[in-house]
Number of protein chains: 2
Amino acid sequence: MATIKDVAAAAGVSVATVSRVINNGPKVSDKNRAKVKQVMVDLGYRPNANARALVTQSSPTLGLVFSELTDPFFATLAGGVEKIAREHHRQLLISNGLVSADTERQAIETLLEQRCEALVVHSKALSDDELIAYAEANPAMVLINRHIPQIAHRCVWLDNRAGGEAAGRYLMSLGHQKIACVSSRYHIEDPQLRLEGLQQALAEAGQPLADIAIEHGDPNQTGGEVATQNLLSKNLGATAIVVYNDAMASGVISVLTDNGYRVPEDVSVIGFDDVLLSRYLRPKLTTMRYPIEMMAMEAAEMALSLSSGKTVSDCHKYVPTLVKRDSVLALRD
Amino acid sequence: MATIKDVAAAAGVSVATVSRVINNGPKVSDKNRAKVKQVMVDLGYRPNANARALVTQSSPTLGLVFSELTDPFFATLAGGVEKIAREHHRQLLISNGLVSADTERQAIETLLEQRCEALVVHSKALSDDELIAYAEANPAMVLINRHIPQIAHRCVWLDNRAGGEAAGRYLMSLGHQKIACVSSRYHIEDPQLRLEGLQQALAEAGQPLADIAIEHGDPNQTGGEVATQNLLSKNLGATAIVVYNDAMASGVISVLTDNGYRVPEDVSVIGFDDVLLSRYLRPKLTTMRYPIEMMAMEAAEMALSLSSGKTVSDCHKYVPTLVKRDSVLALRD
DNA sequence: TTGAAAGCGCTACCAC
DNA sequence: GTGGTAGCGCTTTCAA
C-alpha cells in the first residue's frame, strides 16, 4: 500500500505538502494541491489511520461496550450510538461485555488500548468502585443504564422504580385491585427496582401486592410462559399482570390465551420497554416505554462532548412513560 | 498515559525487554518478567494499539459494513460476525453503509484506512465492478448476501429464487390453487428474485400467478398492511398469500384478521426470513428460514482465514428452508 | 538474556 | 508556499 512518501515522490513535492493536502490545510498552491490529489488517486493512496492516531494522540473513534447485539433492546441502544457516531464522522468500535465482570473489564481495556476518543459503556457486572475508577481515569467515558451517585454526571439512566410505580398506579386508576407480577431474577437490579416501585404504589393505595402474586422467570418469552403457568396454578384471580419486560409479556399473553383467558377482557397485561415487538403482538401491548434510543444518543453525544473538554449537565435521568395500547382494560371509568 | 519507555525506566530495563514481556516473548528472566509486570500494573500501563498496528502493519480488527443495526435481521447478522470476532479475539469495527452507493464506498474506505485485517461487507448499492475491484485489492474482504460470479469464492449468499420456489411448491402440495403474493419494491434485487422463484414454481404446475395477485409495499409491517388492503379490494379469493418477509407478513395477518378472515382457516400466510418476530406472532408464522446468523459467522470466519493467507472453498450458497408453524393450512392431505 | 537503534506512516514545528 | 525533520509508541533485528 502506497505511503505518504510514495505520493510525495510521485508528485515531486515534500511529505509536508502532501500532509497539508490530506488535511485540507491552507498554504498549498492550487497547482500542487491538484497534482497531489491526482497522484493519490493514481496510487490508490489511503492515509494510515493508525499512524495518524499515533502522532495526534487520538483517533476519531467511539467505543461501545455492551452485550447482546441480537437482543432488540440492545440493538436499539447500539443503533442510537451508531447514529451519533456517524453524524460526528466517528468510527464505531464495539466490544461485547457478556454481562460478566471479567469480560466487561476486558472489553473496556481493549477499547482503551485503541485509544478511543470517547466511550459509552453498558456495564451491569462491574462494581461501582471499579467503574468510578475507570470514569475518573477516562474523562470521556459515559455509563448508560446505570446510576452511580458519585459520578452521576457521567450516567445516563432510567428510573426503573418510577416505571413500576406508574404501571401500578395506572392499573389501580382503572379499578384493578387484584394485581399480580411476573418479574425476573435476571442478574441485574432492574427487575428488583421495577418490582419495588410497583409494590410501593400498591402499598400506598392500601392494596399491597401479595407475595404469592409474584412469579419469576427468565427475561424472555419462555420465561414469561413458565411464570404465567405457575401463576395460574395458584388460582389467584388477578385481573391484571405487570410484567418485567415485553418479551416476557408476549409469553404471558400466549399462555393466558391458551388457557382460555381473554386479554384484556379477563386479564389485563402491561409490559415494559416498548420494543418493536410490542406493536406486533395481538392484542397490541400496553407498556412502559424505555426511551433507550434517545438515551443512547444522549450518552454518545455526552461522551463526545466530554472528549473535547466540554462540561455536561449533571442529571441524565429518564422516566418511563406509559404507552397505552390494547392489552389493558378499564374495570371502571 | 504511561508509555513503554516509562515502564522500562521504572523497571530498570530496556524497552526491548518490556516489549518481550508484553508479547509473552521468550528469553526474559523470570525476575525481570515479574518486575516489569508489576510496574505495568503500578503505572496503569496499556499498550498503544495504534503504535502496534503501525509497526506490525496490521491490527487485530474485523471490519463490518452494513446498514441498520436496529433491524432485527441486520442485528442478527452483526451478532454472528461479532461472535466470530470475539472468538478470535478481534476487535469489531462497524461502519454504516445506509444502502447508498456513496455511503457504502465511504464505509469501506474508512475501514481500509484503519487497516482492518479482515472485512465483511454487506453491499446492495455498489456495482459488481466496483466490488470486484475492492475484492481484488483486498484479499481479506468477503461479501455477504450478494452473489457476484467472478468472485464467487468471496461471496456468502442466499438463493432467494429457490426460497420463492419452495414456498410456492409447499402451498401447492397442500392443495392451494389461488395464491397471491405480497412483494416489495425495496431497492435491492431480493424481492424480485423471490417473486420470480414463486412464479416459476406455479408456472411449472400449470397454475401461474396472475398479475393482479401481486401487490407491492414497503418491507415492513405497514407495507404489509397497505398491500393487503389493496389485495383484498381486488376480491381475488386467494386461499394463500406468499409474503416478502416476516415483518410484512405481520401486517398481512393483522389486516386479514381485522377484515374477518381467519388465518390460517380462511387464508394461509407464509413469510420469509424467520426473524424472532415470527415466533411471537399469532398464529405463529410459517416462513422460509434465512440462516443469516450462520451465514454471517461463515463470512467472518472466511475473512479471517483469507487474512492469514489460507484459501477457502469456492461455494458459499445457502438455501432457505421451510419452517412449519401455524399460519398455513392444508386444503387436502 | 539483554539493550541499542532503526523505522513503521504520519503530523506539526520551524526555517526558508 | 514549501521543505526538512523530530518524534508519536511500539516491534524487531543485530550485537553484545
Side-chain angles (χ1 to χ4, degrees), chain A residues 1-40 43-61 89 91 109-117 138, chain B residues 1-40 43-61 91 109-117:
Chain A
M1 168 128 300
T3 73
I4 197 173
K5 280 185 193 169
D6 301 326
V7 175
V13 299
S14 71
V15 295
T17 298
V18 177
S19 178
R20 289 183 188 107
V21 174
I22 295 172
N23 297 292
N24 281 315
K27 312 187 183 200
V28 181
S29 64
D30 287 350
K31 180 167 153 283
N32 272 344
R33 191 180 297 275
K35 173 140 203 185
V36 168
K37 283 192 171 171
Q38 183 56 51
V39 171
M40 293 200 298
L43 266 45
Y45 171 75
R46 220 167 263 128
N48 184 321
N50 293 302
R52 248 168 142 154
L54 180 58
V55 65
T56 60
Q57 299 282 33
S58 98
S59 75
T61 290
H89 302 291
Q91 266 305 301
E109 288 293 335
T110 317
L111 257 20
L112 255 19
E113 290 183 4
Q114 303 286 337
R115 302 299 189 266
C116 291
E117 80 172 279
N138 304 94
Chain B
M1 167 128 301
T3 73
I4 198 173
K5 281 186 191 168
D6 301 326
V7 175
V13 299
S14 70
V15 295
T17 298
V18 176
S19 176
R20 290 185 186 107
V21 173
I22 294 172
N23 298 292
N24 281 314
K27 312 187 184 200
V28 181
S29 64
D30 288 351
K31 179 165 153 285
N32 272 346
R33 191 180 297 274
K35 173 139 201 184
V36 169
K37 283 192 172 171
Q38 182 58 50
V39 171
M40 294 199 299
L43 265 45
Y45 171 74
R46 219 168 265 125
N48 184 321
N50 293 303
R52 245 167 147 158
L54 180 57
V55 66
T56 60
Q57 299 281 32
S58 100
S59 75
T61 289
Q91 267 304 304
E109 289 292 336
T110 319
L111 258 21
L112 256 19
E113 289 183 6
Q114 303 287 336
R115 302 298 191 265
C116 289
E117 79 172 277

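Each chain gets a letter, A, B and so on, in the order its sequence line appears, and its residues count up from 1. Because only heavy atoms are used, hydrogens play no part in the values below, and waters and symmetry mates are left out as well, while side chains stay in. This structure is a prediction, so every number in the text was calculated from the model and none was measured.
Between the CD atom of A/Glu113 and the P atom of D/dC10 there is a distance of 10 Å, rounded to whole Å. What separates CZ of A/Arg115 from P of D/dC8 is a distance of 14 Å, to the nearest Å. The interatomic distance linking A/Lys35 (NZ) with D/dT2 (P) rounds to 12 Å, in whole Å. Remark: P of D/dC10 and CG of B/Asn23 are 11 Å apart, rounded to the nearest angstrom.
The only member of B/Thr17, B/Val21, B/Val39 that meets side-chain contact (heavy atoms from CB on, under 4.5 Å) when paired with B/Val7 is B/Val39.
Between A/Tyr45 and A/Thr3, the shortest heavy-atom distance links the atoms CE1-C, 3.5 Å. Across A/Ala8 and A/Val15, no two heavy atoms sit closer than the pair CB-N, 3.7 Å. Taking each heavy atom of A/Leu54 and B/Ala51 in turn, the nearest pair found is CD1-CB, 3.7 Å. Across all non-hydrogen atoms, the minimal contact from A/Met1 to A/Arg46 is CE-NH1, 3.6 Å. The heavy-atom pair separating A/Thr110 from B/Gln91 by the smallest distance is CG2-NE2, 2.9 Å.
Residue A/Lys5 is the one, among A/Ser19 and A/Lys5, whose nearest nucleotide of DNA chain C lies closer to the 5' end (criterion: closest heavy atom). Take the nearest nucleotide of DNA chain D for A/Ala16 and for B/Met1: the residue whose nucleotide is more 5' is A/Ala16.
Taking only side-chain nitrogens and oxygens, A/Thr17 never comes nearer than 4.0 Å to OP1 or OP2 of D/dT2. In this model, the phosphate group of C/dT11 is approached by a side-chain N or O of A/Arg52 to a distance below 4.0 Å at OP1 or OP2.
Using a 4.0 Å heavy-atom distance criterion, A/Val13 is classed as a sugar-phosphate-only contact. No engagement by A/Pro26 is indicated, since no non-hydrogen atom pair under 4.0 Å with the nucleic acid exists. Within 4.0 Å of B/Asn32, counting heavy atoms only, lie sugar-phosphate atoms of the nucleic acid but no base atom. Within 4.0 Å (heavy atoms only), B/Thr3 reaches sugar-phosphate atoms of the nucleic acid but no base atom. Within the 4.0 angstrom heavy-atom criterion, no nucleotide atom of any strand lies near A/Asn50.
Of the candidates C/dC10, D/dG3, C/dT2, C/dC10 carries the atom nearest the A/Ile4 side chain, counting heavy atoms from C-beta on. The side chain of B/Leu54 sits closest to D/dG9 out of D/dT2, C/dT2, D/dG9. Taking only side-chain atoms of A/Thr56, from C-beta outward, the nucleotide of C/dT2, D/dG3, C/dT11 with the closest atom is C/dT11. Closest contact between the side chain of A/Ala51 and the listed nucleotides C/dT2, C/dA5, C/dC10 involves C/dC10. Nearest to the side chain of A/Gln57, among C/dG3, D/dG9, D/dT2, sits D/dG9. Looking at the side chain of B/Asn48, the nearest of the listed nucleotides D/dT2, C/dA5, D/dG9 is D/dG9. Comparing C/dT11, C/dC14, C/dA4 by their nearest atom to the side chain of B/Ser14 picks out C/dA4. Considering only side-chain atoms of A/Tyr45, the nucleotide from C/dA12, C/dC10, C/dA4 that sits closest is C/dC10.
Checked by distance alone, A/Arg33 brings no side-chain donor or acceptor within 3.5 Å of a matching partner on the base of D/dG1. Judged by distance alone with a 3.5 Å cut-off, a donor-acceptor contact links the side chain of A/Arg20 to the base of D/dG3.
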